[in-house]
Amino acid sequence: SRLLLYCISFHFISVLSEAQHEAGYCAFYEECGRNPLLGPTLIPPIVPCLNYSKARPVTGDHYKKLKQVLFLLQVCPILDRGENNTYACCSIKQLTSLETSLTLSKVVLIRCPSCAENFAHLHCITTCSPNQSQTVKVTKVMNVTYLGREKEAVVGYQAFINASFAEGAFQSCKNVRIPATGGFAVGTMCGRYGAKLCTAQRWYDFQGDSSNGLAPLDIDFRLLKEGDTTVLPEGVIPYSGTALKCNETTPSGGQVCSCQDCQESCPIVPPPPPPSDPLRLFGVDGFFIISVILFCLLVLAFLVFLIVSFMLRSKQRKSEEKHKTKCKDQNSNDVTQQVIYPSEVTCTDRISLAAHSFLSLLFQRWGTFIASYPLTVILVATAIVVAFSVGLKSIELTTDPVELWSAPSSRARKEKDFHDTYFDPFFRTNQVILTAPGRQGHIYNSLLFGQQNFSGLVSKDLVIQLLELQKRIQFWSDDLNSTASLKDVCFAPLNPSNPSLTDCAVNSLPQYFQNSLDNINAKVNMTELGVTKEVDWRDHLIYCLSSPLSFKDITDLGMSCMADYGAPVFPFLAVGGYENDDYTNAEAFILTFSLNNYARDNPKFKVAMQWEKEFLRIVQEYQKDPACNFTFAYMAERSLEDEINRTTAEDIPIFMISYAVIFVYIAVALGEYSSWKRILVDSKVLVGLGGILVVGCSVLASMGFYSWIGIPSSLVILQVVPFLVLAVGADNIFIFVLEYQRDVRRPGEKREEQIGRVLGNVAPSMLLCSLSESVCFFLGALSTMPAVRTFALYAALAVVMDFVLQMTAFVALLSLDARRQDSNRCELLCCVTVSTQRPNKPNEGFLRPLMRKYYAPVLLNCYVRIIVMFVFIFAFCGCLFLMFHVKVGLDQELAMPKDSYMLVYFEYLYKYFEVGVPVYFVTRKGYNFTSVEGMNGVCSSVGCDQFSLTQKIQYATDYPDRSYLAIPANSWVDDFIDWLNPGSKCCRLYTIGPNTGKFCSCAKGCVLYHTYTKTTKRTNKQTSRFMAYHIPLTNSQEYTAALKTARELAHNITLGMRNISGTSPDFEVFPYTVTYVYYEQYLTIVPEGLFNISMCLLPTFLVCCLLLGLDLCSGLLNLFTIIMIVVDTVGVMTLWGIDYNAVALINLVTAVGISVEFVSHMTRSFALSTKPTHAERAMEATANMGSAVFAGVAMTNLPGILVLALAKAQLIQMFFFRLNLVITLLGMAHGLIFLPVLLSYFGPGVNKAVLLQLQQAKSKASKELETRSNVGPTYDNMSYEDSETKKGQRL
């Protein structure tokens, strides 16, 4: 029993200290063994002996030890007064214990030397100060037996500290970060309050709590304001030393803290420049002012023109009264009544007539030849088309968006290739976002962290359900014995060569529990600050959400926060929908499976695609499960491509219906229908079908040819090019067929000769349009954008082939049909004939008389013309203003059908994600990371360059609304330096503790060094990357702005790092993320679009001038009208919510081609007209050519376009229905309303060479009539009216 009494002779007593508090006296001294009140701790809880005595002089070994502690470890240098003048209240043993205790604490503070010194300063004062009795008051002692002797040990005391010193020390430490955990140091030294709620008093309370595993006894820190003596014992003087600020150097030579750890150390960095303000003049939108000024100038110029024209007309009327032989029209142009002398004909007029005559004769002979051998021509044409189309066996459809929209030579593409070469491609993402709306949350009173709000989602049952779903997805392949196992394709950063399922990177909230149900259910009783309470999964989760890189939480559960695959799961990747880092109040769980991004020709790519397919099936089945308590959205990496392909397949019938409607219209509209009895004879179903086949064959030939030479196609080409060629081809078909129907065969003229003569009249106009469009598209192939380039190439060749086939196969087909019609044979029943003969008169159809009798006279009325000019000028200026406000970009939602699950995913993504995509700042070769200066240029800890790579990124994150960066870059250099820090007692090998002699594992720096750096063998130069995060980006405008600002930041970093010695002059830092390659096009798409459209407009002007015989006026009017159509189209795009992007640019290039059809035929018809006045010539052109253009272009496109409104794909509805409808309607309005009016005012005068030719022909005809009165009249087919007159003469 004596032994038992000896062992338990410790008894606890409370002592009201009667010792005096005076300078030079100690309250306790020397060690008295372990604190019997404490169990296992991180370090032995050695307590001092109660000993009120004078401070001891420190000399010899004692002084050397004190000096070592004070200076080598930078602990309170204020105590050193020299070897013979230094006194202290601590022995060598106490100094050793203090050294051990401070070393462990300073591990998390060492990044900021002034903070570490302030922390050590106070504990040295309370432990070793020679005036210790004036600062502390012993409150608890107990009898202990130490080395066989019973002593009174101090197990509790009060320390009186001036509040200003305590607050200063706390302020120097509150922003110090722990690279290993990603959190704040005070977050691990403030107990339940964490970094967010920590204060100076709470910080010191935690340090004085013996249950924290570090404090050997209880210390009650009393922080007193200056002059506050209410609770101050007699003789006690609160310690009022000076705390170092974090931006101050330490007396022992420590440098100022880094900017990341000390806000005061940050240099004054000007904020990024705000986005440039829109142009403003006089406080109003500048483009609006410009548009108004332009409108006023155009209107004023037009009014001046009208006034001058009126004055000239008045003058001409007076002149006409004196000179009856001459007549002037309203625009002072000579007309046919005037006698033309050869000397009056200009060189330009002669060239124009020569060009027209040459082309007409050439096509006339060509048409006669083709019509004479129709079957042979059709066979030869078919053989050529088949030869070209055979290339389709090698066709490649580009579906990869990167290949489609990003040029291999583009900056983003090169940067992507560089990143993927050295660091592997960005992994494939498969994600589920889960919510539980309507569930009631609760408040959890945590022992360690106080009251915490938990949302209804963050509950144990839902966390377990999330874990079950995760495991169902992870392990399905093993259950089914499938070849598509997750471990075969998953992204396993720490074991990429031979991963198991637990090595796969799966980010989710259950990963904080290592996906273990036992860990989620774990609970234990824990005592903190004298309070015992149960801690469970919630306490562990709270800690892990603030310190995701910790290998052990601060609860007695002792569980790791790291995921089972060995890496951290940052909270913004596990939960979403929270505010101010209140993670436990999140509204969404985020479950992410990452797969390796294999090349498409890699066999494992198919395995990954198969796994993702099964992933989608499981998630969709789970969504239908009645037991599911989640509402969620999901996506796989393949989802975008799958949904686009699905909607394309579903919309194929819509396109087929569209083409069928167009075919039916063409077949019906081409018929003559002179009599019900001849309806089967005069119909043009086969001709219409032939025209459609010509268009189809031209597209097939174009695709086959480019497939031969290895230029891939795309879905855009398959959808747009047929429509474009159909618009061009149908117009030419209508012009040719209608002209043939309106013509009367001359006496003695063969059918083939008539077809040749008709072709000679209209083929130059067809050549004008086709040549303009083909050259336009070939020049459009100069675009650097792959999709635009391939479209332009395919469209150009298709237009050329369409024209060639029309001049050959279609002419031959019309010859066969004319032969059948002349024989009165039915179209579909060739053996059946009808008795009713074809009337010997031209068939004008329905539109031409309507336009000649009603539409043209009303449109070209003098008052209507003025109104039309004002309306179209206003529309042009208004659309010019709107054009400057068109949105640039393409939101990814538009690529999805309206019923796609991806639309729900995008909605959840924008609503719940608190950070955006990760962005890497990649360094190219040529930088020395091994030198001190080189490391300082990329790190952010103490001693690093204030404008290092990571620091500049940190500064940018201070302005997330401008830099689009939310989270600063992690630096493996900082982690590596922290791991090598001697003060951490972990310098490759543990030097103390149970792991002495074992290798130290580092949380991030050592393991991820190989992930974030690569060394080239040839140059031994390293390339590295530093990862930050963008803010949530919700539309293409934000993605584009983020790319632009990231490049500006990277350029600034590059310039700074090039100044570091040893850096190559061509060294570069560039930003990279997976989305940049898609959105780079929007940085240059405006100038790219202007270039492409300019390249399309230039040939339309040149070709029009050349084919009309250097007619500059017609070319300029043609060009101006097409420009108006394009500008108005972009303006309407703004009004209708159609963004400007590559798809829109393709349609705008198409708009130029279609506009040529609406405009050029009318311009040429006007230029060749010989009517006396401009207005009459415009009427004739509108009636003759306008009707064909309306029937051939407008009415061919409109039915097919309207059918596309039924398509499910939003992309088709937006850019094929809406935009093509706008293009067609605006082209029709400008070609059939504005252009005739414009020509009536500003069109070229009558070609005098043509008038002279007519004058000479009429003179010759008159002489022949006088000499040969019995000879029938000559025929002139220059205009329909002349034909009618001569026909009347014959009758």
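How far CG of Leu462 is from CG of Asn629: 6.0 Å, rounded to the nearest 0.5 Å. The OH atom of Tyr1029 sits 7.0 Å away from atom CD1 of Ile967, with the distance rounded to the nearest 0.5 Å. Atom OH of Tyr905 and atom CE of Met635 lie 4.5 Å apart (nearest 0.5 Å). To the nearest 0.5 Å, atom OH of residue Tyr543 and atom CE of residue Met559 are 12.5 Å apart. To the nearest 0.5 angstrom, Tyr622 atom OH is 9.0 Å from Ile473 atom CD1. A distance of 6.0 Å separates CG of Asp553 from SG of Cys561, quoted to the nearest 0.5 Å.
Using a 4.5 Å heavy-atom threshold, the side chains of Phe491 and Asp424 count as separate. Residues Val458 and Asn585 form no side-chain contact, since every pair of their non-hydrogen atoms from C-beta on lies 4.5 Å or further apart. Taking 4.5 Å as the limit, every side-chain heavy atom of Cys198 sits out of range of all side-chain heavy atoms of Lys174. Residues Thr592 and Phe427 form no side-chain contact, since every pair of their non-hydrogen atoms from C-beta on lies 4.5 Å or further apart. Using a 4.5 Å heavy-atom threshold, the side chains of Phe589 and Val432 count as separate. Contact annotation: the side chain of Phe426 approaches that of Tyr920 to within less than 4.5 Å [non-hydrogen atoms, C-beta and beyond]. Two residues are said to be in side-chain contact when any heavy atoms from C-beta on lie closer than 4.5 Å; Asp503 and Lys487 fail this criterion. In this structure, the side chains of Leu591 and Val506 come closer than 4.5 Å at one or more pairs of heavy atoms.
Every residue two or more places apart in sequence or in another chain was checked for a salt bridge (charged side-chain N to carboxylate O under 4.0 Å, His left out) with Arg202, and none qualifies. Contacts of Ser508 classified as side chain to side chain donor-acceptor pair (under 3.5 Å), with partners at least two apart in sequence or in another chain: Gln470. Scored by the side chain to side chain contact (heavy atoms under 4.5 Å, CB included) test, Glu587 finds Tyr912 as partners (sequence neighbours excluded). Here Ser963 pairs with Ala956, Leu965 under the side chain to side chain contact (heavy atoms under 4.5 Å, CB included) rule; sequence neighbours left out. Asp539 pairs by the salt bridge (charged side-chain N to carboxylate O under 4.0 Å, His left out) definition with nothing, not counting sequence neighbours.
Between Gly208 and Ala215, the shortest heavy-atom distance links the atoms C-CB, 4.5 Å. Shown here for Gln431 and Phe615, the closest heavy-atom pair between the two residues is N-CZ, 4.0 Å. Shortest non-hydrogen contact noted between Pro548 and Met562 is O-SD, 3.7 Å. Pairing each heavy atom of Tyr908 with each of Ala633, the nearest pair is CG-CB, 3.7 Å. The two residues Leu466 and Pro510 make their nearest non-hydrogen contact at CD2-CD, 3.5 Å. Listed here is the closest heavy atom pair of Asp461 and Ser459: OD1-OG, 2.6 Å.
Disulfide criterion (SG-SG under 2.5 Å) for Cys246 and Cys262: met. Between Cys939 and Cys944, the gamma sulfurs sit within a distance below 2.5 angstrom. Taken together, Cys173 and Cys115 meet the criterion of an SG-SG distance shorter than 2.5 Å. In this structure, Cys504 and Cys490 have their SG atoms less than 2.5 Å from one another.
Of the possible polar contacts, none joining the Gln260 side chain to the Ser941 backbone as a donor-acceptor pair under 3.5 Å is found. A donor-acceptor pair is defined here as one N or O able to donate and one able to accept, closer than 3.5 Å; such a pair exists between the side chain of His540 and the backbone of Tyr512. With hydrogens and angles ignored, the 3.5 Å screen pairs a side-chain donor or acceptor of His1030 with a backbone N or O of Tyr964. At distances below 3.5 Å, at least one donor-acceptor pair connects side-chain atoms of Thr950 with backbone N or O atoms of Val938. Counting only distance, with no hydrogens or angles, the side chain of Glu612 and the backbone of Arg638 share a donor-acceptor pair below 3.5 Å. Ser948 places no side-chain N or O within donor-acceptor distance of the main-chain N or O of Ser940, the cut-off being under 3.5 Å. Checking side-chain atoms of Lys460 against main-chain N and O of Trp537 turns up no donor-acceptor pair under 3.5 Å. The backbone N or O of Glu534 lies less than 3.5 Å from no partner atom in the side chain of Lys523, so there is not a single donor-acceptor pair. The backbone N or O of Ser560 sits less than 3.5 Å from a side-chain atom of Gln514, completing a donor-acceptor pair. In this structure, the side chain of Thr923 engages the main chain of Ser1024 through a donor-acceptor pair within 3.5 Å.
Using a 3.5 Å distance cut-off with no hydrogens or angles, the side chains of Asp518 and Ser516 do not pair a donor with an acceptor. Judged by distance alone, the side chains of Asn507 and Tyr565 do bring a donor and an acceptor atom under 3.5 Å apart. For the residue pair Thr502/Ser500, the side-chain donor-acceptor check at 3.5 Å is satisfied. Using modelled atom types, one finds a donor on one side chain and an acceptor on the other under 3.5 Å when comparing Asp564 with Gln511.
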Steps toward side-chain contact (heavy atoms from CB on, under 4.5 Å) verdict (Tyr1072, Arg1025):
CA-CA 9 Å; Tyr1072 169 75; Arg1025 62 179 181 176; over 6 Å; no

Under the side-chain contact (heavy atoms from CB on, under 4.5 Å) rule, what do Tyr955 and Cys259 come out as? Steps first, then yes or no, please.
CA-CA 9 Å; Tyr955 302 148; Cys259 176; 3.3 Å; yes

Verdict with reasoning, Val176 to Cys257, per side-chain contact (heavy atoms from CB on, under 4.5 Å):
CA-CA 9 Å; Val176 177; Cys257 306; 5.7 Å; no

Using the rule given for side-chain contact (heavy atoms from CB on, under 4.5 Å), can you reason through Val489 versus Tyr598, listing the C-alpha separation, both sets of side-chain angles and the distance that settles it, and then say yes or no?
CA-CA 9 Å; Val489 293; Tyr598 300 103; 4.0 Å; yes

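Put simply, the residue from Thr435, Leu469, Leu434 that forms a side chain to side chain contact (heavy atoms under 4.5 Å, CB included) with Phe630 is Leu434.
Within a 6.0 Å sphere centred on NZ of Lys552, other residues, nucleotides and ligands contribute 12 heavy atoms or fewer.
Here the two rings, on Phe454 and His442, have centers that are under 6.0 Å apart.
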In a table with atom names and distances, give each donor-acceptor pair under 3.5 Å that connects a side chain of residues 570-584 to protein atoms at least two apart or in another chain.
unit_1 : atom_1 : unit_2 : atom_2 : d
Asp581 : OD1    : Tyr583 : OH     : 3.4
Thr584 : OG1    : Asn453 : O      : 2.6

